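Some notes on the structure that comes next.
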There are 2 protein chains.
Amino acid sequence: MERLPKRQRHQQLSRLVEENPFMTDRELTRLLKVSIQTIRLDRMELGIPELRERLKLMAERSYDAVRSLPLHEVIGDIVDLQLDKSGISLFEIREEHVFSRTGIARGHHVFAQANSLAVAVINDEIALTAAADIRFVRQVKLGEKCIAKAYVRSGGRSKAKVEVFTYVGEEMVFQGHFIIYRSAGEQVIEGGDERADRN
Amino acid sequence: MERLPKRQRHQQLSRLVEENPFMTDRELTRLLKVSIQTIRLDRMELGIPELRERLKLMAERSYDAVRSLPLHEVIGDIVDLQLDKSGISLFEIREEHVFSRTGIARGHHVFAQANSLAVAVINDEIALTAAADIRFVRQVKLGEKCIAKAYVRSGGRSKAKVEVFTYVGEEMVFQGHFIIYRSAGEQVIEGGDERADRN
DNA sequence: TACTGGATTAGTACCAGGTGATAGTAGCAG
DNA sequence: CTGCTACTATCACCTGGTACTAATCCAGTA
(Lines give C-alpha, C1' and ligand atoms only; values in the text may rest on other atoms or scores of the structure.)
Protein backbone atom coordinates (compact mmCIF):
# COMPACT_ATOMS: atom_id res chain seq x y z
CA MET A 1 0.00 0.00 0.00
CA GLU A 2 1.21 3.44 -0.81
CA ARG A 3 1.57 5.32 2.44
CA LEU A 4 2.39 8.57 0.80
CA PRO A 5 -0.77 9.16 -1.19
CA LYS A 6 -2.73 9.88 1.97
CA ARG A 7 -0.53 12.69 3.18
CA GLN A 8 -0.10 13.98 -0.31
CA ARG A 9 -3.85 13.87 -0.77
CA HIS A 10 -4.37 15.72 2.49
CA GLN A 11 -2.02 18.42 1.34
CA GLN A 12 -3.68 18.64 -2.03
CA LEU A 13 -7.10 18.69 -0.47
CA SER A 14 -6.15 21.52 1.89
CA ARG A 15 -4.65 23.43 -0.98
CA LEU A 16 -7.64 22.88 -3.25
CA VAL A 17 -10.13 23.99 -0.64
CA GLU A 18 -8.03 26.99 0.25
CA GLU A 19 -7.76 27.98 -3.39
CA ASN A 20 -11.39 27.42 -4.12
CA PRO A 21 -13.59 27.19 -1.03
CA PHE A 22 -16.64 26.78 -3.25
CA MET A 23 -15.88 23.18 -4.15
CA THR A 24 -18.26 20.42 -3.17
CA ASP A 25 -17.07 17.02 -2.02
CA ARG A 26 -18.26 15.60 -5.31
CA GLU A 27 -16.01 17.92 -7.27
CA LEU A 28 -13.14 16.97 -5.03
CA THR A 29 -13.65 13.27 -5.74
CA ARG A 30 -13.15 13.98 -9.42
CA LEU A 31 -9.90 15.81 -8.78
CA LEU A 32 -8.45 13.48 -6.18
CA LYS A 33 -9.73 10.22 -7.64
CA VAL A 34 -11.00 8.80 -4.40
CA SER A 35 -14.48 8.07 -3.13
CA ILE A 36 -16.65 10.74 -1.61
CA GLN A 37 -16.40 8.99 1.75
CA THR A 38 -12.66 9.30 1.68
CA ILE A 39 -12.99 12.99 0.95
CA ARG A 40 -15.26 13.32 3.93
CA LEU A 41 -12.97 11.37 6.21
CA ASP A 42 -10.11 13.55 5.02
CA ARG A 43 -12.04 16.73 5.73
CA MET A 44 -12.80 15.35 9.18
CA GLU A 45 -9.17 14.64 9.91
CA LEU A 46 -8.11 18.01 8.58
CA GLY A 47 -10.90 19.85 10.34
CA ILE A 48 -12.21 21.34 7.11
CA PRO A 49 -15.88 22.19 7.48
CA GLU A 50 -18.47 21.38 4.86
CA LEU A 51 -19.09 23.68 1.90
CA ARG A 52 -22.02 25.48 3.47
CA GLU A 53 -20.16 26.15 6.68
CA ARG A 54 -17.23 27.50 4.71
CA LEU A 55 -19.46 29.87 2.78
CA LYS A 56 -21.23 30.91 5.96
CA LEU A 57 -17.92 31.67 7.64
CA MET A 58 -16.75 33.73 4.69
CA ALA A 59 -20.05 35.57 4.62
CA GLU A 60 -19.81 36.29 8.33
CA ARG A 61 -16.28 37.55 8.04
CA SER A 62 -17.13 39.89 5.20
CA TYR A 63 -20.27 40.97 7.02
CA ASP A 64 -18.23 41.90 10.08
CA ALA A 65 -15.70 43.65 7.87
CA VAL A 66 -18.40 45.73 6.26
CA ARG A 67 -19.85 46.65 9.60
CA SER A 68 -16.50 47.81 10.94
CA LEU A 69 -15.74 49.84 7.83
CA PRO A 70 -16.86 53.14 9.34
CA LEU A 71 -13.70 52.85 11.41
CA HIS A 72 -11.92 52.92 8.10
CA GLU A 73 -12.88 56.52 7.57
CA VAL A 74 -10.50 57.59 10.27
CA ILE A 75 -7.55 55.26 10.57
CA GLY A 76 -6.98 54.80 14.27
CA ASP A 77 -9.18 55.64 17.23
CA ILE A 78 -9.07 59.26 18.20
CA VAL A 79 -8.94 59.41 21.97
CA ASP A 80 -8.31 63.09 22.48
CA LEU A 81 -8.94 66.06 20.29
CA GLN A 82 -8.46 69.76 20.90
CA LEU A 83 -9.42 71.35 17.64
CA ASP A 84 -6.76 73.53 16.05
CA LYS A 85 -4.43 72.55 18.87
CA SER A 86 -3.68 68.87 19.30
CA GLY A 87 -4.98 65.34 19.09
CA ILE A 88 -4.11 61.78 19.97
CA SER A 89 -5.07 58.59 18.21
CA LEU A 90 -4.42 54.92 18.80
CA PHE A 91 -3.89 52.29 16.16
CA GLU A 92 -3.01 48.66 16.65
CA ILE A 93 -1.03 46.91 13.95
CA ARG A 94 -2.91 43.80 12.97
CA GLU A 95 -2.45 40.96 10.49
CA GLU A 96 -3.93 42.92 7.64
CA HIS A 97 -1.49 45.79 8.10
CA VAL A 98 1.77 43.91 7.94
CA PHE A 99 3.87 42.39 5.26
CA SER A 100 3.05 38.75 5.84
CA ARG A 101 6.55 37.38 5.49
CA THR A 102 8.18 39.59 8.11
CA GLY A 103 5.38 41.02 10.20
CA ILE A 104 6.57 44.57 9.55
CA ALA A 105 3.84 47.13 9.09
CA ARG A 106 3.48 48.54 5.63
CA GLY A 107 4.38 52.20 5.63
CA HIS A 108 1.15 53.56 4.30
CA HIS A 109 -0.78 52.32 7.31
CA VAL A 110 1.44 54.21 9.69
CA PHE A 111 1.19 57.16 7.36
CA ALA A 112 -2.58 56.80 7.18
CA GLN A 113 -2.97 57.03 10.94
CA ALA A 114 -0.88 60.19 11.07
CA ASN A 115 -2.61 61.65 8.04
CA SER A 116 -6.07 60.95 9.41
CA LEU A 117 -5.17 62.56 12.70
CA ALA A 118 -3.58 65.60 11.07
CA VAL A 119 -6.75 66.12 9.07
CA ALA A 120 -9.05 65.49 12.03
CA VAL A 121 -7.36 67.99 14.26
CA ILE A 122 -8.12 70.85 11.88
CA ASN A 123 -11.31 72.59 12.83
CA ASP A 124 -12.95 72.86 9.44
CA GLU A 125 -15.73 71.37 7.36
CA ILE A 126 -13.31 70.13 4.79
CA ALA A 127 -9.63 69.63 5.30
CA LEU A 128 -7.27 68.13 2.77
CA THR A 129 -3.66 67.13 2.93
CA ALA A 130 -1.62 69.33 0.62
CA ALA A 131 1.85 68.11 1.42
CA ALA A 132 3.75 66.08 3.93
CA ASP A 133 7.29 65.45 4.97
CA ILE A 134 7.58 62.19 6.78
CA ARG A 135 10.13 59.96 8.36
CA PHE A 136 9.81 56.34 9.38
CA VAL A 137 12.09 56.27 12.38
CA ARG A 138 11.90 52.56 13.02
CA GLN A 139 9.95 49.52 11.91
CA VAL A 140 6.58 48.88 13.44
CA LYS A 141 5.64 45.26 13.94
CA LEU A 142 2.58 43.12 14.22
CA GLY A 143 0.74 43.66 17.48
CA GLU A 144 2.35 46.97 18.36
CA LYS A 145 0.11 49.80 19.41
CA CYS A 146 0.85 53.09 17.75
CA ILE A 147 0.10 56.29 19.62
CA ALA A 148 0.04 59.26 17.29
CA LYS A 149 0.19 62.79 18.70
CA ALA A 150 -0.58 65.75 16.52
CA TYR A 151 0.21 69.39 17.22
CA VAL A 152 -1.01 72.29 15.14
CA ARG A 153 2.01 74.54 14.74
CA SER A 154 0.66 77.42 12.75
CA GLY A 155 -2.81 78.11 11.55
CA GLY A 156 -3.11 80.42 8.60
CA ARG A 157 -6.53 81.03 7.21
CA SER A 158 -6.17 78.64 4.29
CA LYS A 159 -3.48 76.33 5.49
CA ALA A 160 -2.24 74.81 8.69
CA LYS A 161 0.96 73.11 9.62
CA VAL A 162 0.54 70.01 11.70
CA GLU A 163 3.27 67.92 13.26
CA VAL A 164 2.59 64.32 14.06
CA PHE A 165 4.75 62.01 16.15
CA THR A 166 3.91 58.36 16.44
CA TYR A 167 5.14 56.27 19.33
CA VAL A 168 5.16 52.64 20.33
CA GLY A 169 5.52 52.88 24.07
CA GLU A 170 8.22 55.47 24.70
CA GLU A 171 9.83 54.95 21.34
CA MET A 172 9.19 57.25 18.43
CA VAL A 173 8.54 55.27 15.26
CA PHE A 174 7.33 57.93 12.89
CA GLN A 175 7.31 61.64 12.50
CA GLY A 176 5.67 63.81 9.93
CA HIS A 177 5.04 67.44 9.03
CA PHE A 178 1.77 67.95 7.26
CA ILE A 179 0.42 70.94 5.44
CA ILE A 180 -3.34 70.82 5.51
CA TYR A 181 -5.62 72.97 3.39
CA ARG A 182 -8.78 74.07 5.09
CA SER A 183 -12.09 75.03 3.54
CA ALA A 184 -12.10 78.46 5.20
CA GLY A 185 -9.59 79.46 2.55
CA GLU A 186 -12.36 79.54 -0.07
CA GLN A 187 -11.84 77.04 -2.85
CA VAL A 188 -9.89 73.99 -2.06
CA ILE A 189 -7.60 73.34 -4.95
CA GLU A 190 -5.34 70.70 -3.66
CA GLY A 191 -5.66 67.80 -1.42
CA GLY A 192 -5.41 64.25 -0.62
CA ASP A 193 -7.53 63.46 2.33
CA GLU A 194 -10.70 64.88 3.71
CA ARG A 195 -11.97 65.67 7.13
CA ALA A 196 -13.52 62.76 8.86
CA ASP A 197 -16.41 63.03 11.25
CA ARG A 198 -15.54 63.29 14.88
CA ASN A 199 -17.47 60.87 16.94
CA MET B 1 -59.24 42.17 4.36
CA GLU B 2 -56.29 44.30 5.33
CA ARG B 3 -54.57 45.27 2.14
CA LEU B 4 -51.78 47.07 3.89
CA PRO B 5 -50.25 44.20 5.81
CA LYS B 6 -48.91 42.68 2.62
CA ARG B 7 -46.98 45.73 1.49
CA GLN B 8 -45.93 46.48 5.02
CA ARG B 9 -44.82 42.90 5.39
CA HIS B 10 -42.85 43.13 2.19
CA GLN B 11 -41.08 46.21 3.44
CA GLN B 12 -40.36 44.62 6.79
CA LEU B 13 -39.15 41.46 5.14
CA SER B 14 -36.77 43.36 2.88
CA ARG B 15 -35.48 45.32 5.83
CA LEU B 16 -35.04 42.25 8.01
CA VAL B 17 -33.15 40.35 5.35
CA GLU B 18 -30.98 43.34 4.59
CA GLU B 19 -30.18 43.81 8.25
CA ASN B 20 -29.51 40.16 8.87
CA PRO B 21 -28.96 38.13 5.73
CA PHE B 22 -28.39 35.05 7.88
CA MET B 23 -32.07 34.57 8.70
CA THR B 24 -33.88 31.44 7.62
CA ASP B 25 -37.47 31.48 6.40
CA ARG B 26 -38.46 29.78 9.64
CA GLU B 27 -37.02 32.61 11.71
CA LEU B 28 -38.84 35.10 9.51
CA THR B 29 -42.18 33.37 10.14
CA ARG B 30 -41.71 33.97 13.85
CA LEU B 31 -41.03 37.66 13.33
CA LEU B 32 -43.69 38.35 10.73
CA LYS B 33 -46.37 36.00 12.11
CA VAL B 34 -47.25 34.43 8.79
CA SER B 35 -46.79 30.95 7.43
CA ILE B 36 -43.57 29.81 5.87
CA GLN B 37 -45.29 29.58 2.49
CA THR B 38 -46.19 33.23 2.67
CA ILE B 39 -42.59 34.08 3.45
CA ARG B 40 -41.51 32.13 0.42
CA LEU B 41 -44.09 33.71 -1.86
CA ASP B 42 -42.97 37.09 -0.56
CA ARG B 43 -39.32 36.33 -1.24
CA MET B 44 -40.32 35.25 -4.75
CA GLU B 45 -42.19 38.47 -5.38
CA LEU B 46 -39.37 40.56 -3.97
CA GLY B 47 -36.70 38.58 -5.75
CA ILE B 48 -34.89 37.77 -2.52
CA PRO B 49 -32.87 34.59 -2.97
CA GLU B 50 -32.81 31.80 -0.43
CA LEU B 51 -30.48 31.87 2.56
CA ARG B 52 -27.80 29.73 0.96
CA GLU B 53 -27.72 31.79 -2.19
CA ARG B 54 -27.41 34.94 -0.09
CA LEU B 55 -24.49 33.53 1.84
CA LYS B 56 -22.89 32.27 -1.33
CA LEU B 57 -23.18 35.69 -2.91
CA MET B 58 -21.62 37.34 0.13
CA ALA B 59 -18.86 34.76 0.17
CA GLU B 60 -18.17 35.32 -3.52
CA ARG B 61 -18.00 39.04 -3.08
CA SER B 62 -15.60 38.78 -0.16
CA TYR B 63 -13.63 36.13 -2.03
CA ASP B 64 -13.18 38.49 -4.94
CA ALA B 65 -12.08 41.13 -2.48
CA VAL B 66 -9.60 38.75 -0.94
CA ARG B 67 -8.29 37.67 -4.31
CA SER B 68 -7.63 41.25 -5.22
CA LEU B 69 -5.76 41.62 -1.95
CA PRO B 70 -2.51 40.33 -3.40
CA LEU B 71 -2.84 43.55 -5.34
CA HIS B 72 -2.97 45.04 -1.90
CA GLU B 73 0.63 44.04 -1.34
CA VAL B 74 1.58 46.34 -4.12
CA ILE B 75 -0.99 49.08 -4.40
CA GLY B 76 -1.56 49.58 -8.09
CA ASP B 77 -0.64 47.38 -11.05
CA ILE B 78 2.96 47.63 -12.01
CA VAL B 79 3.07 47.75 -15.79
CA ASP B 80 6.72 48.52 -16.30
CA LEU B 81 9.73 48.02 -14.13
CA GLN B 82 13.39 48.63 -14.74
CA LEU B 83 15.04 47.73 -11.50
CA ASP B 84 17.11 50.47 -9.94
CA LYS B 85 16.04 52.78 -12.74
CA SER B 86 12.33 53.39 -13.16
CA GLY B 87 8.87 51.97 -12.93
CA ILE B 88 5.26 52.69 -13.80
CA SER B 89 2.11 51.60 -12.01
CA LEU B 90 -1.58 52.10 -12.59
CA PHE B 91 -4.21 52.54 -9.92
CA GLU B 92 -7.88 53.24 -10.41
CA ILE B 93 -9.69 55.16 -7.70
CA ARG B 94 -12.72 53.14 -6.70
CA GLU B 95 -15.54 53.49 -4.19
CA GLU B 96 -13.49 52.10 -1.37
CA HIS B 97 -10.75 54.67 -1.84
CA VAL B 98 -12.76 57.83 -1.67
CA PHE B 99 -14.36 59.86 1.01
CA SER B 100 -17.97 58.87 0.45
CA ARG B 101 -19.47 62.31 0.80
CA THR B 102 -17.38 64.03 -1.84
CA GLY B 103 -15.82 61.28 -3.94
CA ILE B 104 -12.34 62.65 -3.30
CA ALA B 105 -9.66 60.03 -2.85
CA ARG B 106 -8.22 59.72 0.60
CA GLY B 107 -4.61 60.80 0.57
CA HIS B 108 -3.09 57.64 1.90
CA HIS B 109 -4.25 55.65 -1.09
CA VAL B 110 -2.48 57.94 -3.49
CA PHE B 111 0.49 57.83 -1.17
CA ALA B 112 0.31 54.05 -0.98
CA GLN B 113 0.54 53.66 -4.74
CA ALA B 114 3.60 55.88 -4.90
CA ASN B 115 5.16 54.24 -1.85
CA SER B 116 4.58 50.74 -3.21
CA LEU B 117 6.14 51.68 -6.52
CA ALA B 118 9.11 53.39 -4.92
CA VAL B 119 9.75 50.24 -2.91
CA ALA B 120 9.21 47.89 -5.86
CA VAL B 121 11.63 49.70 -8.11
CA ILE B 122 14.50 49.05 -5.74
CA ASN B 123 16.36 45.91 -6.69
CA ASP B 124 16.72 44.29 -3.30
CA GLU B 125 15.35 41.48 -1.22
CA ILE B 126 14.03 43.84 1.37
CA ALA B 127 13.38 47.51 0.84
CA LEU B 128 11.80 49.81 3.39
CA THR B 129 10.66 53.38 3.25
CA ALA B 130 12.77 55.50 5.52
CA ALA B 131 11.43 58.91 4.72
CA ALA B 132 9.30 60.73 2.23
CA ASP B 133 8.52 64.24 1.19
CA ILE B 134 5.24 64.40 -0.62
CA ARG B 135 2.88 66.87 -2.20
CA PHE B 136 -0.71 66.37 -3.19
CA VAL B 137 -0.89 68.65 -6.21
CA ARG B 138 -4.58 68.30 -6.82
CA GLN B 139 -7.53 66.22 -5.69
CA VAL B 140 -8.04 62.83 -7.21
CA LYS B 141 -11.61 61.74 -7.69
CA LEU B 142 -13.63 58.59 -7.96
CA GLY B 143 -13.03 56.75 -11.23
CA GLU B 144 -9.81 58.50 -12.12
CA LYS B 145 -6.87 56.36 -13.17
CA CYS B 146 -3.60 57.28 -11.53
CA ILE B 147 -0.41 56.66 -13.42
CA ALA B 148 2.59 56.74 -11.12
CA LYS B 149 6.08 57.01 -12.53
CA ALA B 150 9.09 56.38 -10.38
CA TYR B 151 12.70 57.30 -11.10
CA VAL B 152 15.64 56.19 -9.02
CA ARG B 153 17.76 59.28 -8.65
CA SER B 154 20.71 58.07 -6.65
CA GLY B 155 21.54 54.65 -5.46
CA GLY B 156 23.89 54.46 -2.54
CA ARG B 157 24.65 51.06 -1.12
CA SER B 158 22.28 51.30 1.80
CA LYS B 159 19.81 53.89 0.62
CA ALA B 160 18.25 55.08 -2.56
CA LYS B 161 16.42 58.21 -3.51
CA VAL B 162 13.32 57.67 -5.57
CA GLU B 163 11.13 60.32 -7.14
CA VAL B 164 7.55 59.49 -7.91
CA PHE B 165 5.15 61.55 -9.98
CA THR B 166 1.53 60.56 -10.27
CA TYR B 167 -0.63 61.70 -13.15
CA VAL B 168 -4.26 61.57 -14.14
CA GLY B 169 -4.07 61.91 -17.87
CA GLU B 170 -1.60 64.73 -18.52
CA GLU B 171 -2.15 66.31 -15.17
CA MET B 172 0.18 65.78 -12.27
CA VAL B 173 -1.74 65.06 -9.08
CA PHE B 174 0.97 63.96 -6.71
CA GLN B 175 4.69 64.11 -6.34
CA GLY B 176 6.94 62.55 -3.78
CA HIS B 177 10.59 62.08 -2.90
CA PHE B 178 11.24 58.84 -1.12
CA ILE B 179 14.28 57.60 0.69
CA ILE B 180 14.32 53.83 0.63
CA TYR B 181 16.55 51.65 2.74
CA ARG B 182 17.77 48.53 1.04
CA SER B 183 18.89 45.26 2.59
CA ALA B 184 22.30 45.38 0.90
CA GLY B 185 23.19 47.92 3.58
CA GLU B 186 23.45 45.16 6.22
CA GLN B 187 20.93 45.51 9.00
CA VAL B 188 17.80 47.36 8.20
CA ILE B 189 17.03 49.58 11.10
CA GLU B 190 14.35 51.79 9.78
CA GLY B 191 11.45 51.31 7.56
CA GLY B 192 7.90 51.50 6.71
CA ASP B 193 7.17 49.30 3.79
CA GLU B 194 8.73 46.18 2.44
CA ARG B 195 9.55 44.90 -0.93
CA ALA B 196 6.73 43.13 -2.67
CA ASP B 197 7.18 40.31 -5.11
CA ARG B 198 7.39 41.22 -8.72
CA ASN B 199 5.10 39.11 -10.82
C1' DT C 1 -77.61 34.96 -3.37
C1' DA C 2 -73.84 32.70 -5.65
C1' DC C 3 -69.46 33.57 -8.06
C1' DT C 4 -64.96 35.25 -8.65
C1' DG C 5 -60.41 36.19 -7.18
C1' DG C 6 -56.55 37.60 -4.30
C1' DA C 7 -54.14 36.30 -0.10
C1' DT C 8 -52.95 32.86 2.78
C1' DT C 9 -52.06 28.30 4.46
C1' DA C 10 -51.21 23.30 4.12
C1' DG C 11 -49.15 19.42 2.32
C1' DT C 12 -46.44 16.66 -0.76
C1' DA C 13 -42.48 15.39 -3.65
C1' DC C 14 -38.01 16.47 -4.55
C1' DC C 15 -33.24 18.49 -4.34
C1' DA C 16 -28.22 19.59 -2.84
C1' DG C 17 -24.86 18.80 0.19
C1' DG C 18 -24.00 17.24 3.53
C1' DT C 19 -23.58 14.17 8.84
C1' DG C 20 -23.23 9.79 11.30
C1' DA C 21 -23.19 5.01 11.80
C1' DT C 22 -22.31 0.63 10.25
C1' DA C 23 -20.39 -2.72 7.36
C1' DG C 24 -17.50 -4.55 3.89
C1' DT C 25 -13.10 -5.02 1.18
C1' DA C 26 -8.02 -4.87 -0.03
C1' DG C 27 -3.36 -5.39 1.31
C1' DC C 28 0.27 -5.90 4.23
C1' DA C 29 2.70 -7.02 8.85
C1' DG C 30 3.52 -9.73 12.70
C1' DC D 1 -4.69 -16.43 10.97
C1' DT D 2 -5.33 -12.11 13.14
C1' DG D 3 -5.07 -7.33 13.33
C1' DC D 4 -4.46 -2.93 11.42
C1' DT D 5 -4.95 0.84 8.20
C1' DA D 6 -6.91 2.71 4.23
C1' DC D 7 -10.57 2.96 1.50
C1' DT D 8 -15.33 2.20 -0.19
C1' DA D 9 -20.36 1.38 0.06
C1' DT D 10 -24.84 1.95 1.82
C1' DC D 11 -28.47 3.68 4.47
C1' DA D 12 -31.04 6.82 7.42
C1' DC D 13 -31.40 11.38 8.47
C1' DC D 14 -30.83 16.61 8.51
C1' DT D 15 -31.44 21.61 6.87
C1' DG D 16 -33.27 24.83 4.08
C1' DG D 17 -34.92 25.22 0.74
C1' DT D 18 -37.88 24.78 -4.65
C1' DA D 19 -41.96 23.55 -7.24
C1' DC D 20 -46.41 22.36 -7.38
C1' DT D 21 -51.25 21.39 -6.01
C1' DA D 22 -55.04 22.08 -3.25
C1' DA D 23 -57.82 23.96 0.33
C1' DT D 24 -59.52 27.88 2.90
C1' DC D 25 -60.85 32.59 4.08
C1' DC D 26 -62.78 36.71 3.05
C1' DA D 27 -64.26 40.62 0.29
C1' DG D 28 -66.40 42.67 -3.45
C1' DT D 29 -69.59 42.24 -7.03
C1' DA D 30 -72.86 40.76 -10.73
Side-chain angles (χ1 to χ4, degrees), chain A residues 1-69 95, chain B residues 1-70:
Chain A
M1 179 179 291
E2 306 157 44
R3 274 258 174 294
L4 283 176
K6 184 166 185 182
R7 306 211 168 157
Q8 278 186 2
R9 195 183 59 233
H10 277 195
Q11 286 194 330
Q12 282 191 33
L13 190 137
S14 302
R15 192 176 50 78
L16 283 168
V17 173
E18 186 138 2
E19 270 176 20
N20 181 5
F22 298 86
M23 258 200 277
T24 63
D25 287 358
R26 203 169 304 279
E27 289 174 311
L28 289 165
T29 61
R30 289 212 329 277
L31 295 172
L32 298 179
K33 317 275 192 198
V34 287
S35 74
I36 202 160
Q37 289 75 10
T38 304
I39 296 291
R40 286 169 182 170
L41 284 171
D42 287 355
R43 273 201 298 101
M44 289 272 217
E45 289 183 55
L46 294 168
I48 298 174
E50 65 170 291
L51 171 64
R52 289 155 178 169
E53 287 304 309
R54 295 198 297 269
L55 298 190
K56 195 176 172 188
L57 267 171
M58 293 174 71
E60 277 169 353
R61 273 210 306 272
S62 79
Y63 192 59
D64 290 348
V66 167
R67 302 192 69 175
S68 66
L69 244 172
E95 286 287 353
Chain B
M1 180 179 289
E2 306 157 40
R3 273 261 174 291
L4 282 177
K6 183 167 185 181
R7 306 213 167 157
Q8 279 186 2
R9 195 182 58 234
H10 277 196
Q11 286 193 330
Q12 284 190 32
L13 191 138
S14 302
R15 193 177 49 77
L16 283 168
V17 173
E18 185 136 5
E19 271 177 19
N20 181 5
F22 299 86
M23 257 199 278
T24 62
D25 287 359
R26 204 169 303 280
E27 288 174 313
L28 288 165
T29 61
R30 290 212 328 278
L31 295 172
L32 297 179
K33 317 275 191 196
V34 287
S35 74
I36 203 159
Q37 288 76 9
T38 303
I39 296 290
R40 287 169 180 171
L41 284 171
D42 286 356
R43 271 201 300 101
M44 287 270 217
E45 290 183 55
L46 295 168
I48 298 172
E50 63 170 292
L51 170 64
R52 289 155 178 170
E53 287 304 310
R54 295 197 298 269
L55 299 190
K56 196 176 171 187
L57 268 170
M58 292 174 71
E60 277 168 354
R61 274 209 304 272
S62 80
Y63 190 58
D64 290 347
V66 167
R67 296 194 69 176
S68 67
L69 248 173

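Below, chain A is the first sequence line, B the second, and so on; all start at residue 1. Keep in mind it's a predicted model, so treat the numbers as computed, not measured. Keep in mind that the numbers below use all heavy atoms, side chains included, and drop hydrogens, waters and symmetry copies.
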Separation of atom [atom1] in [X] from atom [atom2] in [N], rounded to whole Å:
X	N	atom1	atom2	result
A:I39	D:dA6	CD1	C1'	14 Å
B:D42	C:dG6	CG	P	16 Å
A:K33	D:dC7	NZ	C1'	17 Å
A:R54	C:dG17	CZ	P	11 Å
A:R30	C:dG17	CZ	P	12 Å
B:I36	D:dG17	CD1	P	7 Å
A:K56	C:dA16	NZ	C1'	17 Å
A:L32	D:dC7	CG	P	11 Å

Does the side chain of [X] get closer than 4.0 angstrom to OP1 or OP2 of [N] through an N or O atom?
X	N	value
B:T38	C:dT9	yes
A:S35	D:dT8	yes
A:R9	D:dA6	no
B:R26	D:dG17	no

Proximity to the side chain of A:K6 - top-ranked nucleotide from D:dC7, C:dT8, D:dG17:
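Output: D:dC7.
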Quick one: which of D:dC7, C:dG18, C:dT9 gets closest to the side chain of A:L51?
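So the side chain of A:L51 is nearest to C:dG18.
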Inter- and intrachain pairs under ring pair (Phe, Tyr, Trp, His ring centres under 6.0 Å), touching residues 37-57 of chain A, at least two apart:
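Sorted result for residues 37-57 of chain A: empty, none.
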Pairwise ring pair (Phe, Tyr, Trp, His ring centres under 6.0 Å) hits with a residue in residues 21-42 of chain B, at least two apart:
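Residue pairs with at least one partner in residues 21-42 of chain B: A:Y63-B:F22.
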Holding to side chain to side chain contact (heavy atoms under 4.5 Å, CB included), I want the full list of residues that pass it with B:Q11, two or more places apart in sequence or in another chain.
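If we apply the side chain to side chain contact (heavy atoms under 4.5 Å, CB included) test to B:Q11, skipping adjacent residues, there are no hits.
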Listing time: all N or O pairs from protein to nucleotides 18-21 of chain D that are below 3.5 Å?
from: D:dT18; atom 1: OP1; to: B:R43; atom 2: NH1; distance (Å): 3.2
from: D:dT18; atom 1: OP1; to: B:R43; atom 2: NH2; distance (Å): 3.4
from: D:dT18; atom 1: OP2; to: B:R43; atom 2: NH2; distance (Å): 2.9

Side chain to side chain contact (heavy atoms under 4.5 Å, CB included) evaluation trace for A:R54 with A:L57:
CA-CA 5 Å; A:R54 295 198 297 269; A:L57 267 171; 5.7 Å; no
Please report the C-alpha distance between B:I36 and B:R26 in whole Å, then the side-chain angles of each, then the deciding distance to 0.1 Å, and finally whether the side chain to side chain contact (heavy atoms under 4.5 Å, CB included) criterion is met.
CA-CA 6 Å; B:I36 203 159; B:R26 204 169 303 280; 4.2 Å; yes
Angle by which the axis turns from one end of the helix from C:dT1-D:dA30 to C:dG30-D:dC1 to the other, five pairs per end, to 10 degrees:
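Rounded to the nearest 10 degrees, the bend comes out at 30°.
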Both B:E45 and B:R52 contact DNA chain C. Which one's nearest nucleotide lies toward the 5' end?
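Looking at the nearest nucleotide for each, B:E45 comes out on the 5' side.
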Pairs of donor and acceptor atoms involving the side chains of residues 38-45 of chain A, under 3.5 Å and at least two apart or interchain, shall be tabulated with distances.
from: A:T38; atom 1: OG1; to: A:S35; atom 2: OG; distance (Å): 3.0
from: A:R40; atom 1: NE; to: A:D25; atom 2: OD2; distance (Å): 2.9
from: A:D42; atom 1: OD1; to: A:R9; atom 2: NH2; distance (Å): 3.1
from: A:D42; atom 1: OD1; to: A:H10; atom 2: NE2; distance (Å): 3.0
from: A:D42; atom 1: OD2; to: A:R9; atom 2: NE; distance (Å): 2.6
from: A:D42; atom 1: OD2; to: A:R9; atom 2: NH2; distance (Å): 3.1
from: A:R43; atom 1: NE; to: A:D25; atom 2: OD1; distance (Å): 3.0
from: A:R43; atom 1: NH1; to: A:I48; atom 2: O; distance (Å): 3.2
from: A:R43; atom 1: NH2; to: A:D25; atom 2: OD2; distance (Å): 2.8
from: A:E45; atom 1: OE2; to: A:K6; atom 2: NZ; distance (Å): 3.2

Testing the basics here: between B:L32 and B:L13, what is the closest heavy-atom pair and its distance to 0.1 Å?
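B:L32 and B:L13 have their closest heavy atoms at CD1-CD1, 3.8 Å.
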Test side chain to side chain donor-acceptor pair (under 3.5 Å) applied to B:R15 - qualifying residues, sequence neighbours left out:
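B:R15 satisfies side chain to side chain donor-acceptor pair (under 3.5 Å) with B:E19 once adjacent residues are dropped.
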By side chain to side chain donor-acceptor pair (under 3.5 Å), which residues pair with A:E50, not counting sequence neighbours?
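For A:E50, no residue satisfies side chain to side chain donor-acceptor pair (under 3.5 Å) once neighbours in sequence are set aside.
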Is there a side-chain contact between A:E60 and A:K56, using heavy atoms and a 4.5 Å cut-off?
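Side-chain contact under 4.5 Å: yes.
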